[in-house]
Amino acid sequence: MAAINRDDVAHLAQLAHIEMNDEELDRMATELAVIVDSVKSVSEAAGADVPATSHPIPLTNVMREDVVGHVLTVEEALSGAPDAADGRFKVPAILEES
Amino acid sequence: MSASELIRSSAASMAAKLAAGEVTSVELVQAHLDRIAEVDGGERGVHAFLHVNAEEALAVAADVDARRAAGEELHELAGVPIAIKDLIVTKGQPTTAGSKILEGWMSPYDATVIKKIRAARMPMLGKTNLDEFAMGSSTEHSAYGPTRNPWDLDRIPGGSGGGSAAAVAAFEAPLALGTDTGGSIRQPGAVTGTVGVKPTYGAVSRYGAIAMASSLDQIGPVSRTVLDSALLQEVIGGHDPFDSTSLTDPSTGLADAARIGNVKGMKIGVIKELHGEGFQPGVENRFNESLELLRNAGAEIVEVSCPNFGYALGAYYLIMPSEASSNLAKFDGVRFGSRTLPAEGPLTIERVMGATRAAGFGDEVKRRIILGTYALSAGYYDAYYGSAQKVRTLIQRDFDAAFAQADVLISPTSPVTAFKLGEKLDDPLAMYLNDIATIPANMAGVPGLTLPGGLADEDGLPVGIQFLAPAREDARLYRVGAVLESLLEEQWGGPVLDKAPALASTAAKEAN
Amino acid sequence: MSVDTILSFEEAMEKYDPVLGFEVHVELNTKTKMFSSAPNVFGDEPNSNVNEVCLGLPGVLPVVNKKAVESSILIGLALNCKIAEHCTFARKQYFYPDTPKNFQTSQYEDPICYDGWIDIELEDGTVFRVEIERAHMEEDAGKLTHMGGATGRIQGADFSLVDYNRSGVPLVEIVTKPIEGAGSRAPELAKAYVAAIREIVKNLGVSDAKMERGNVRCDANVSLRPYGQEKFGTRTETKNVNSLRAVENAVKFEIQRHAAVLDSGVLITQETRHWHEDTKSTTSGRPKSDADDYRYFPEPDLVPIVTSAAWVEELRATLPEPPAERRKRLQADWGYSDLEFRDVVNAGLMDQIEETVAAGATAAAARKWWMGEIARRAKLADVDPAELGVTPAVVVEIEKLIAAGSINDKLARKVLDGVLEGEGTPAEVVAKRGLAVVSDDGALQTAIDEALAAQPDVADKIRGGKVQAVGAIVGGVMKVTRGQADAARVRELILKTLGVEG
Ligand SMILES: [Mg+2]
Ligand SMILES: [Zn+2]
């Protein structure tokens with residue numbers, strides 16, 4: 001496993017949609033390198049024959065009947081929105097003006 | 001009984017006094033609101049609460065009193081107040097998760113546990129402080145300032161649920177709700193001298209608890225006595241069709257188990273890997289003392305080994321941030337919460353999301369999101385997330401083997417007592433080590449309870465004793481926990497919190 | 001926006017061998033959403049069919065809709081797929097404002113249906129087998145409306161508005177294996193494949209299957225390679241091809257565009273393309289910054305689905321008559337010739353005719369309207385006849401008005417105009433436009449008297465026994481009444497006026 005570097009962090013920050021300045025990227029890269037180093041032994045802990053566990057208590061087929069339940073009113077739905085118009089959530093332009 | 005004596009009672013005895021008509025719920029709620037006003041605010045206040053819900057709590061209390069006067073059959077805990085960790089959504093009160101990104105947000109729906117609290121007619125005193133999105137072991141990562149440990153105001157109350165633990169330890173509430181992803185109920189319990197339980201995964205609905213790591217999170221009770229936690233888990237537990245991971249057959253008879261009062265013939269396994277090296281001497285001493293008391297009470301103490309627990313912390317710090325990075329993606333300033341515009345440049349949604357998350361999340365949250373994004377990213381998944389899920393299997397196998405030899409397992413809850421505020425803030429790894437003994441239970445989904453084991457010799461601060469039981473056997477925790485609690489209190493001549501220093505009033509300072 | 005150079009289709013076909021692939025998203029018509037109990041309803045007031053789950057508010061958890069799972073299995077069975085004994089959900093992570101959690105809950109490594117096939121019959125009867133890679137369950141996104149720009153398009157918009165009513169609607173994504181050997185029939189096959197999927201899901205009753213509403217949406221993958229080469233060329237994925245004609249046209253356009261690019265010695269960029277119905281061309285889509293890394297991982301809030309043989313067989317037993325068999329039956333019921341029936345199928349109007357007949361029209365009348373006037377107008381408007389906006393109910397109502405003598409065939413066409421212009425139901429159009437046949441004998445008599453007075457010589461001829469000359473007077477009356485008279489009744493009245501036996 002390669003050590004995590006500043007460019008990696010920049011890419012990850014982009015994937016995670018968190019704007020970071022140069023100082024933050026540097027600091028995060030240093031911190032993450034230490035953390036990643038401390039957890040990397042995990043990859044050698046279990047052999048190929050060990051199955052993965054994603055749920056601590058295994059359950060299957062938890063399903064709901066197709067029956068309409070509660071809805072929020074439009075007002076409730078929009079109540080926490082930073083910006084709204086016309087009964088809808090308002091967001092800035094998706095594309096940059098070219 | 002004076003108000004100051006009243007608030008020091010257990011929830012069970014408050015309930016008994018309410019039932020006997022010795023006190024009204026309004027008096028009980030008011031006594032707690034007064035205590036909150038007295039010790040929670042100001043520079044040197046405990047700062048357990050982010051929001052105090054006085055009006056609604058008093059209204060619920062008055063309603064309970066009226067119903068009781070009318071002879072209505074009420075829930076055992078009706079009228080007993082409770083504090084809610086601010087990670088759990090509540091209608092009518094803000095929910096912040098300790099984060100700037102949710103400042104001022106009001107949930108339009110109630111968490112399932114809140115519906116149950118309302119159904120039991122327990123007045124909610126307010127929302128308690130926590131590390132932002134429950135990420136931390138000291139409550140210092142709250143965007144709204146840290147909570148102080150009532151035992152020493154310069155020390156941390158543990159985390160992430162430091163607010164709930166401190167509120168209960170400071171007699172600001174007899175009961176509180178916490179959430180535990182890697183120890184966030186139990187470690188604060190340990191360092192504040194209180195009781196806390198992480199139930200079996202799925203025993204309490206997660207619906208409405210703002211998710212950190214879905215496969216690890218669990219809501220649980222925080223209290224001053226083992227019986228009180230049992231009573232509270234009975235209120236909040238049970239199957240919930242809104243949570244696909246909710247058990248249809250969770251443990252029952254919890255309060256009864258706490259009342260049994262003996263451990264004769266019970267096999268208690270000491271986890272070899274979870275004491276000794278790395279554990280503070282005072283912690284180790286109190287732990288050994290508890291073992292001796294249990295042995296004298298007729299329990300059989302055996303040693304068990306869980307060799308893969310050594311990988312638990314590493315695996316936890318891959319699974320938890322991975323799931324957290326995904327669960328926290330929704331905080332983008334579109335549907336709820338705050339929105340921050342970029343300081344310069346074009347105003348596109350992508351950049352607004354980036355600026356919103358940059359301004360809204362604190363450092364620890366960002367660290368975990370980036371770490372989780374890394375662990376899930378192409379080319380690293382198998383080595384990180386995939387391997388960590390395998391370690392989970394190994395930890396479960398360790399528990400299976402251990403529970404083949406013992407009915408319950410025992411360890412110190414936290415390797416150290418409460419440390420000083422700021423001491424580990426710049427050292428994430430040192431902070432993470434606080435959860436070394438609590439994490440395995442979350443990884444395997446098994447229940448865990450912490451209760452006060454006394455005070456460490458070197459610093460006079462509380463030490464926590466943790467019991468672990470097999471999945472769905474939460475009742476065993478309450479049974480053994482209540483026995484150890486009574487043995488210890490017999491020895492001390494009263495609850496450990498009687499030894500805590502009295503808190504000076506901060507109310508006057510606040511008024512200035 | 002630069003215009004791409006394209007090669008003629010014939011030339012492209014001479015040089016290159018196309019390989020196709022399709023991802024078709026089918027919206028299920030369950031009563032509730034995939035993971036929440038909020039209603040799955042099209043067209044309501046924005047954000048009125050949401051609850052905290054489909055809005056992705058903090059603290060919410062998903063719960064799987066059993067009916068959606070069963071519908072997915074039915075689709076798999078109809079596509080001759082294997083049904084997974086054990087499957088899970090996964091999170092596909094990317095930030096986009098129409099995706100409330102900023103991840104889509106989907107399936108990744110273990111789709112519920114896999115390894116199937118479907119035989120596609122082309123217009124001339126050639127049967128082409130398309131292999132199905134997988135059909136998996138997932139959830140739809142909300143709907144973005146781009147504001148402030150001139151075109152309503154994302155380009156140039158100042159801001160966008162989001163309606164999450166569609167968020168969480170259950171989807172089944174059907175993915176084909178690469179389709180080789182279609183040659184110059186590729187565009188036709190593309191259209192026929194999507195038509196077949198649409199027909200199957202509609203026939204199963206699991207989807208409303210209305211392409212114009214986005215119930216069935218196709219992403220078409222196209223790549224070219226020189227003949228004889230085994231390795232596939234670089235593919236493009238064209239999104240937003242939401243009508244059968246568009247699927248055909250988009251595949252054809254991409255083949256032509258790829259051929260021109262390859263001819264010029266340039267490599268094809270692997271990218272998403274957007275189909276534009278107005279210009280009949282594709283443009284390069286915005287490369288999503290997350291597209292290279294969706295960070296899939298098992299959805300921790302959902303547990304696996306295990307399908308027992310008993311459950312699958314129970315569902316298999318409910319499968320309706322397959323479309324091919326249904327076609328045979330309908331042709332027999334309607335009494336259409338092979339040619340007539342094939343034309344109906346090719347026009348994509350079988351469902352419309354079936355619904356029209358079910359609503360009370362004769363098979364002949366239904367065919368007359370759909371294959372005649374409606375098809376003709378659709379061609380002019382350059383849309384599929386089924387998407388023109390005429391419903392079976394409109395056809396039945398027009399037929400009833402004709403049968404009642406309220407309108408004639410000529411007026412019926414004007415009624416259709418009115419309906420298409422949004423003037424209401426046929427009866428409303430008749431009323432608004434005053435299109436009813438003039439049946440008031442008094443009004444007709446005045447017109448007849450005037451016509452006879454205007455052409456006295458013709459009147460005389462008729463009186464003299466030349467009854468066939470009555471046509472000229474009828475014509476005059478029809479002109480005066482702007483065609484709104486019943487010609488037979490006019491003739492009768494003229495003869496009566498002149499005292500002549502018809
Ligand atoms: Mg796709
Ligand atoms: Zn899809």
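Residue numbers start from 1 in every chain, and the chains themselves are labelled A, B, ... in the order their sequence lines are given, proteins ahead of strands.
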Scan the side chains in residues 298-306 of chain C for donor-acceptor partners under 3.5 Å anywhere in the protein, sequence neighbours excluded, and list what turns up.
| from | atom 1 | to | atom 2 | distance (Å) |
| --- | --- | --- | --- | --- |
| E299(C) | OE1 | R91(C) | NE | 3.1 |
| E299(C) | OE1 | R91(C) | NH2 | 3.0 |
| E299(C) | OE1 | D301(C) | N | 2.8 |
| E299(C) | OE2 | R91(C) | NE | 3.0 |
| D301(C) | OD1 | R206(B) | NH1 | 3.0 |
| D301(C) | OD1 | R206(B) | NH2 | 3.1 |
| D301(C) | OD1 | S214(B) | OG | 3.1 |
| D301(C) | OD2 | S214(B) | OG | 3.3 |
| D301(C) | OD2 | R91(C) | NH2 | 3.0 |

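Only the side chain of H146(C) has a heavy atom closer than 4.5 Å to any heavy atom of chain A. For V53(C), no part lies near chain A; criterion is any non-hydrogen pair under 4.5 Å.
For the pair N47(C) (side chain) and G87(A) (backbone), a donor-acceptor distance under 3.5 Å is present.
In this structure, M63(A) and V63(C) approach most closely via the heavy-atom pair C-CG1, 4.3 Å. For the residue pair I94(A) and Y96(C), the shortest heavy atom distance occurs at CG2-OH, 3.6 Å. Between W311(C) and N61(A), the closest heavy-atom pair is CZ3-ND2, 4.4 Å.
Of all residues spanning residues 30-38 of chain C, those with a heavy atom less than 4.5 Å away from chain A's heavy atoms are T30(C), K31(C), T32(C), K33(C), M34(C), F35(C), S36(C), S37(C), A38(C), arranged by number. Heavy-atom proximity under 4.5 angstrom to chain C picks out A77(A), L78(A), A85(A) from residues 75-85 of chain A.
Annotation: F159(C), atom CZ; neighbour count of heavy atoms from other residues, nucleotides and ligands within 6.0 Å is above 12. Within a 6.0 Å sphere centred on CD of E109(C), heavy atoms belonging to other residues, nucleotides or ligands number 12 at most.
Shown are T145(C), D163(C), N165(C); of these, the side chain to side chain donor-acceptor pair (under 3.5 Å) with R88(A) is made only by T145(C).
Ring geometry for F89(A) versus Y164(C): interplanar angle over 60°, hence perpendicular rather than tilted (30 to 60°).
Distance SG/C54(C) to CG/L72(A): 8.0 Å, rounded to 0.5 Å.
Under the ring-ring contact (aromatic ring centres under 6.0 Å, His included) criterion, no residue pair touches residues 41-69 of chain A, with sequence neighbours excluded.
In terms of heavy-atom pairs under 4.5 Å with chain C, the best-connected choice from T60(A), V91(A), V74(A) is V91(A).
Counting heavy atoms from C-beta on, the side chains of N65(C) and R64(A) come closer than 4.5 Å.
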